[in-house]
> 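Mind looking over this structure? Questions follow.
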Amino acid sequence: MLSIKNLHANVADKKILKGLNLEVKTGEVHAIMGPNGSGKSTLANILAGRSGYEVTAGTITYEGKNLLDMDPEIRAREGVFLAFQYPVEIPGVNNVYLLKAALNAIRKHRGEQELDAMEFLKLVKDKMKLVKVREDLMSRAVNEGFSGGEKKRNEIFQMAILEPKLAILDETDSGLDIDALRIVSEGVNSLRGPQRAIVMVTHYQRLLNYIVPDHVHVLADGRIIKSGGKDLALKLEAEGYDRVREEAAVA
Amino acid sequence: MSSQPHDVEQLVRQEYKHGFVTDISTDTVPPGLNEDVIRLISARKNEPEWLLEWRLTAYRHWLTMTEPAWAHVHYPKIDFQAISYYSAPKSKKDGPKSLDEVDPKLLETYAKLGIPLQEQKLLAGVAVDAVFDSVSVATTFKEKLAEAGVIFGSFSDAVQNHPELVRQYLGSVVPATDNYFAALNSAVFTDGSFCFIPKNTRCPMELSTYFRINAANTGQFERTLIIAEEGSYVSYLEGCTAPMRDENQLHAAVVELIALDRAQIKYSTVQNWYPGDENGVGGIYNFVTKRGDCRGTGSKISWTQVETGSAITWKYPSCVLRGDDSVGEFYSVAVTNNYQQADTGTKMIHIGRNTRSTIVSKGISAGHAQNSYRGLVRIAKSAEHARNYTQCDSLLMGDRCGAHTFPYIETRNATAVLEHEATTSKIGDDQLFYCMQRGISGEDAVNMIVNGFCKEVFKELPMEFAVEAQKLLGVTLEGAVG
């Protein structure tokens with residue numbers, strides 16, 4: 001469903017991605033690991049369509065369409081979801097209100113009936129159990145006064161409501177204590193399924209103990225230098241990025 | 001929006017009402033201002049001698065004053081001799097014959113606000129056949145108000161029917177000599193609204209609905225006087241969210257509120273006069289003096305305003321907290337886009353003991369607009385244990401606009417407690433992107449963020465207007481973020 005070929009991208013004229021290739025099929029969970037500054041978040045942001053990232057070469061095909069041609073909100077409506085590394089606060093905008101607007105924009109795009117308030121609230125109640133979000137967070141402004149863990153949980157909760165086809169999780173484990181990490185992971189795991197692909201971007205192997213990926217890729221210096229199964233993550237954890245990098249250079 | 005049919009009817013009625021106005025177009029005086037013009041206005045309105053004298057005093061004082069220049073606004077000098085100070089209400093024959101003759105941009109705005117076709121015609125000043133039954137609803141309102149003993153009508157009527165009340169209270173909050181524009185208004189005002197709520201009476205309806213029927217086209221020098229007797233309550237709304245066609249560039253209104261013991265006045269404004277085009281050409285100058293006097297013990301005056309229109313807004317709805325334990329509130333949203341300028345805020349004058357005031361001001365600037373908050377909190381020596389809380393937040397959209405805050409505090413009593421919070425933020429690219437990544441269009445996202453920013457103020461508005469105000473904000477700021 002997602003095919004990235006020879007992707008080159010700059011941020012503020014600095015070359016970050018230098019020929020990245022990645023193939024993701026529906027139903028798969030991919031982990032992209034790499035040291036700081038390797039381009040992990042750049043990749044996540046380019047997929048979501050954030051401004052400030054300049055693609056200089058290469059293609060991204062999503063469900064047979066050119067993803068780079070789509071505006072960010074169209075990508076979202078087509079089923080691309082980004083769980084943000086740092087979810088922003090939007091004072092005065094109710095969490096549930098934003099989510100209802102989002103879901104209905106997506107449903108409208110798909111030609112489905114928009115949900116009314118009652119139907120939507122029922123959906124919210126069902127999905128809240130998944131990631132154990134507190135009910136009072138729903139009536140608060142978007143991410144305002146949320147703890148780091150609550151923000152991340154809210155991201156996964158939104159994912160549960162919006163049911164994307166391609167979910168990109170950008171450092172979802174960062175800033176989480178062990179209990180929060182378990183809850184978030186359980187939420188993500190419950191959203192795994194044959195109709196959905198998940199791409200996790202992470203620095204640490206820790207998250208992968210909870211969300212076991214089908215494929216692991218090592219991103220370094222703007223390229224995927226090694227791909228493998230879940231064992232690759234353990235190897236990385238044991239030996240460090242430098243070792244893998246050296247091996248890749250030799251190979 | 002006025003989707004309920006009765007609202008449309010009310011507006012239609014308003015036009016029909018003008019149908020009853022006798023043809024006084026010959027009464028229009030040529031431009032210019034002198035004592036004869038004032039005598040003529042007073043004579044046409046069949047005013048008592050004391051009122052003429054009051055006008056003349058104001059005029060003579062005005063001649064000695066200079067136009068204020070301290071506000072953070074810029075505009076070409078106004079030629080006060082080029083204005084006609086008395087003209088008959090515009091005959092509907094002068095207006096466009098159909099919507100085809102109306103500025104398409106205006107129609108576009110009406111459509112966006114969801115204003116029904118009949119109402120659009122009224123707002124644009126198109127002659128509408130008065131086929132609707134007009135008198136009944138207005139009469140029902142009048143009867144209901146009369147039953148409660150509430151006096152509500154035009155200022156001119158009050159001068160004729162309740163001269164003793166007008167004489168007792170007129171100028172008692174904003175003296176005829178108060179400031180340049182108030183003095184001008186006192187000299188030449190032509191009409192406005194008068195409202196009197198007797199003791200221990202809760203006004204049986206929001207005067208907003210009623211106001212829509214009766215108070216349009218009161219002219220450029222409008223005078224409003226509201227008196228709430230002991231233990232009474234009234235909620236009053238002026239203005240309309242739909243942009244009104246208006247020929248007068250200068251508006252200098254005066255509003256006086258008087259609250260006696262334990263009385264409460266809630267005064268809400270939605271101001272959407274023509275702001276000029278996107279290059280800053282044209283637009284209304286809105287120089288208003290609004291002041292409330294919490295004269296009685298435990299009285300309360302609350303101002304809520306949503307200011308989105310006018311090329312220049314200069315207004316500071318204020319509260320004089322004279323009575324012990326009295327409460328003043330000011331909730332404001334001021335939006336400026338393109339080349340609009342707003343210098344607005346409030347004055348809270350604490351005189352009585354245990355007086356409390358709250359100021360919540362939200363300024364939004366976009367385009368090349370300048371938006372200033374200017375506020376004064378004064379604690380007099382007599383104001384033991386006074387409390388004030390002030391919060392001023394500014395939201396900037398784009399990088400060519402400006403937000404300014406000029407808070408003044410004067411305290412002569414050490415028992416006072418004052419709090420001031422101020423923030424300035426830019427509509428964040430991050431916030432926009434977050435919403436868009438969830439599938440929400442950029443325009444909807446801006447609306448959502450701006451409305452979130454203004455929430456604390458909107459919740460003070462009467463319900464139906466809160467909804468309209470939200471829509472209005474969206475239309476005003478359209479295209480402000482790429």
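Below, chains carry the letters A, B, ... as their sequence lines are ordered, and counting in each starts from 1. Every heavy atom of this structure was used, including side-chain atoms; hydrogens, water molecules and symmetry mates were not.
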> Return the minimal non-hydrogen interatomic distance between B:G439 and A:A76, and the atom names on each side.
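So the two residues come closest at N-CB, 3.3 Å.
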
> Please rank A:Q158, A:K108, A:E78 by heavy-atom pairs under 4.5 Å with chain B and give me the top one.
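The answer is A:Q158.
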
> Looking at A:Y97, I want to see if its OH is surrounded by more than 12 non-hydrogen atoms of other residues, nucleotides or ligands under 6.0 Å.
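No, because the 6.0 Å sphere around OH of A:Y97 holds 12 heavy atoms or fewer from other groups.
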
> Can you spot which of A:L99, A:N104, A:L98, A:I106 makes a side chain to side chain contact (heavy atoms under 4.5 Å, CB included) with B:I440?
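The side chain to side chain contact (heavy atoms under 4.5 Å, CB included) with B:I440 is passed solely by A:L98 among A:L99, A:N104, A:L98, A:I106.
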
> At a heavy-atom distance under 4.5 Å, which candidate from A:I90, A:V88, A:N143 has the highest pair count against chain B?
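Option with the greatest count: A:V88.
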
> Under a 4.5 Å cutoff for heavy-atom pairs, which residue among A:V80, A:N94, A:D71 has the most contacts with chain B?
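If we count pairs closer than 4.5 Å to chain B, A:V80 comes out on top.
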
> With side chains defined as the heavy atoms from C-beta onward, is the minimum distance between B:Y434 and A:V142 less than 4.5 Å?
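Answer yes - side chains close enough.
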
> Please work out which of the three classes, parallel, tilted or perpendicular, describes the rings of A:F84 and B:F433, given edges at 30° and 60°.
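Answer is perpendicular, since the angle exceeds 60°.
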
> At a heavy-atom separation under 4.5 Å, does A:P164 approach chain B through its side chain, its backbone, both, or neither?
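A:P164 has no heavy atom closer than 4.5 Å to chain B.
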
> Where do A:E89 and B:Q431 come nearest, in terms of heavy atoms and distance?
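In this case the closest contact between A:E89 and B:Q431 is O-NE2, 3.0 Å.
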
> With a cut-off of 6.0 Å (strictly less than), are more than 12 heavy atoms of other residues, nucleotides or ligands near OH of B:Y389?
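Correct, the count exceeds 12.
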
> Sub-3.5 Å donor-acceptor pair from the side chain of B:R438 to the main-chain atoms of A:L82, do we have one?
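Checked: pair present.
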
> Taking side chain as C-beta onward, heavy atoms only, is B:D430 less than 4.5 Å from A:R50?
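A side-chain contact exists here, since the closest heavy-atom pair is under 4.5 Å.
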
> In this structure, are over 12 heavy atoms from other groups packed under 6.0 Å from A:K151 atom NZ?
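More than 12 within 6.0 Å, yes.
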
> Do you know which of A:S51, A:A105, A:A101 has the most heavy-atom pairs under 4.5 Å to chain B?
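Of the candidates given, the most pairs with chain B belong to A:A101.
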
> How many angstroms lie between CZ in A:R75 and CE in B:M436, if you round to the nearest 0.5 Å?
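A:R75 CZ to B:M436 CE: 10.0 Å, rounded to 0.5 Å.
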
> Does A:R196 have more than 12 heavy atoms from other residues, nucleotides or ligands lying within 6.0 Å of its CZ?
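Check passes, neighbour count above 12.
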
> Is any side-chain heavy atom of B:E456 less than 4.5 Å from a side-chain heavy atom of A:P91?
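No, every pair of side-chain atoms sits at 4.5 Å or beyond.
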
> What part of A:L162 is in contact with chain B, defined as an atom under 4.5 angstrom from a non-hydrogen atom: side chain, backbone, both or neither?
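For A:L162, the side chain is the part near chain B, not the backbone.
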
